[in-house]
Protein chains: 2
Amino acid sequence: MFKPLDPLLHSQLRLAVMSLLLAVEEAEFTFLKEKTESTAGNLSVQLDKLEKAGYISIEKSFKGKRPLTTCKITQAGVKAFEDYVENLKNYIS
Amino acid sequence: MFKPLDPLLHSQLRLAVMSLLLAVEEAEFTFLKEKTESTAGNLSVQLDKLEKAGYISIEKSFKGKRPLTTCKITQAGVKAFEDYVENLKNYIS
DNA sequence: TAAATAGGTTTACATTATAAACTATTTTAC
DNA sequence: GTAAAATAGTTTATAATGTAAACCTATTTA
């Protein structure tokens, strides 16, 4: 009936990030920050957690002279998101 | 885009409780405990929070000689739940 | 060259979730 | 009758989480 909800996804900011990443090839840190209206500190921490869980991959490079952080959702991330949504339906329908 | 999710509802156990209460006239503590597979302590705390938020009402009485705690969802609770689900859709669709 | 901006990360704090321990009463077993 | 177990919860302590403030490094602007 009520299967446990993946605690990594059951978090407002991480869920928003995953939702955004599902829709695009990849996204920059600043893009995610703007879209989610989060602080950089909070976003940084949550991206770390998602990466450690294997739900996203993070690449650090440079855009001109400035650092650039780019995020991509992984296959495992897509699967986890889908499972989460499937489970969640039992709670909200 | 990503409206904040009511933190009182964005919690696995409280959401499960609200989901159950939406479907019935009223429910006993033990019923909620069994359905949610939670511990009594955790359930007790979460019911308190929902009551203090005005999302449920709690009545204490006796069933025979034993204490009986009965919960009902309030109008405000129904509204909050509906809003939560509506908001959540932006995250998971 | 001082101040502001960009792009983050680290750290500290406050809030939460959760289970363990506890209370009070009742039923069952001896 | 009384010791042990069960019922129905509440309170308390702890661990985990979420969040923003403070910080860092480099770059651009005044």
Side-chain angles (χ1 to χ4, degrees), chain A residues 2-20 26-53 55-72 80 84 87-88 91, chain B residues 2-21 26-53 55-72 84 87-88 91:
Chain A
F2 295 116
K3 289 188 193 158
L5 298 172
D6 183 344
L8 255 135
L9 294 183
H10 198 61
S11 138
Q12 186 160 325
L13 182 48
R14 288 196 298 270
L15 195 62
V17 166
M18 292 292 280
S19 181
L20 287 169
E26 56 180 37
E28 297 180 9
F29 185 96
T30 52
F31 171 83
L32 294 174
K33 180 170 176 298
E34 273 162 36
K35 286 293 181 182
T36 60
E37 293 173 81
S38 60
T39 60
N42 191 8
L43 183 56
S44 180
V45 170
Q46 306 313 326
L47 289 180
D48 249 35
K49 289 186 187 177
L50 288 173
E51 190 190 26
K52 266 161 198 158
Y55 292 177
I56 68 171
S57 65
I58 301 183
E59 256 216 26
K60 273 149 202 317
S61 59
F62 283 87
K63 183 206 255 177
K65 297 184 172 179
R66 285 159 178 276
L68 177 70
T69 299
T70 311
C71 305
K72 248 186 232 218
Y84 172 79
N87 277 211
L88 193 59
Y91 289 77
Chain B
F2 295 116
K3 289 188 192 155
L5 298 173
D6 183 343
L8 255 135
L9 293 182
H10 198 62
S11 138
Q12 185 160 325
L13 182 49
R14 288 196 299 270
L15 195 62
V17 166
M18 293 293 281
S19 180
L20 287 169
L21 290 182
E26 56 179 39
E28 298 179 10
F29 184 97
T30 52
F31 171 83
L32 294 174
K33 180 171 176 296
E34 274 163 36
K35 287 291 181 184
T36 60
E37 294 173 80
S38 61
T39 61
N42 191 8
L43 183 57
S44 180
V45 170
Q46 307 312 328
L47 289 180
D48 249 38
K49 290 186 187 176
L50 288 173
E51 190 191 25
K52 267 161 195 155
Y55 291 177
I56 67 171
S57 64
I58 301 183
E59 256 215 27
K60 274 147 203 316
S61 60
F62 283 87
K63 184 207 256 175
K65 298 181 170 179
R66 284 157 180 280
L68 178 70
T69 299
T70 310
C71 305
K72 248 185 232 221
Y84 172 79
N87 276 213
L88 193 60
Y91 290 76

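The chains referred to below are lettered A, B, ... by the order of the sequence lines, with proteins before strands, and numbering in each begins at 1. All of these numbers come straight from a predicted model, not from anything done at the bench.
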Can you tell if the side chain of [X] reaches within under 4.5 Å of the side chain of [Y], non-hydrogen atoms only?
X      : Y      : value
L21(B) : L50(B) : no
Q12(B) : T36(B) : no
D6(A)  : N87(A) : no
E28(A) : K63(A) : yes

Go through residues 41-51 of chain B and report each residue with a non-hydrogen atom lying under 4.0 Å from DNA chain D, sorted by number.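 G41(B), S44(B), V45(B), in order of number.
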Between [atom2] on [N] and [atom1] on [X], what's the gap in Å once rounded to a whole number?
X      : N       : atom1 : atom2 : result
R66(A) : dC24(D) : CZ    : P     : 19 Å
K33(A) : dA6(C)  : NZ    : P     : 10 Å
F62(A) : dT25(D) : CZ    : P     : 14 Å
D6(A)  : dA17(C) : CG    : P     : 16 Å
K60(A) : dG8(C)  : NZ    : C1'   : 7 Å
L5(B)  : dG18(D) : CG    : P     : 13 Å
H10(A) : dA16(D) : NE2   : C1'   : 15 Å
L13(A) : dA20(D) : CG    : P     : 9 Å

Return the orientation label for the Y91(B) and F2(B) ring planes: parallel under 30°, perpendicular over 60°, tilted otherwise.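 Geometry flag for F2(B) against Y91(B): tilted rings.
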Respond yes when some side-chain nitrogen or oxygen of T39(B) is under 4.0 Å from OP1 or OP2 of dT18(C), and no when none is.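 No, because none of the side-chain N or O atoms of T39(B) sits under 4.0 Å from OP1 or OP2 of dT18(C).
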OP1 or OP2 of dG18(D) sitting under 4.0 Å from any side-chain N/O of R14(A)?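 True: R14(A) side-chain N/O within range (under 4.0 Å) of dG18(D) OP1/OP2.
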Scan [X] against the nucleic acid and name what it touches under 4.0 Å (heavy atoms): base, sugar-phosphate only, or nothing.
X      : value
K63(A) : nothing
S11(A) : sugar-phosphate
T30(A) : sugar-phosphate

Can a donor-acceptor pair be found between the side chains of K60(B) and T69(B) at a distance below 3.5 Å?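 A donor-acceptor contact under 3.5 Å links the two side chains.
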Does Y55(A) use its side chain to pair, donor to acceptor, with the backbone of L47(A) at less than 3.5 Å?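 No; judged by distance alone, with no hydrogens or angles, the pair does not exist.
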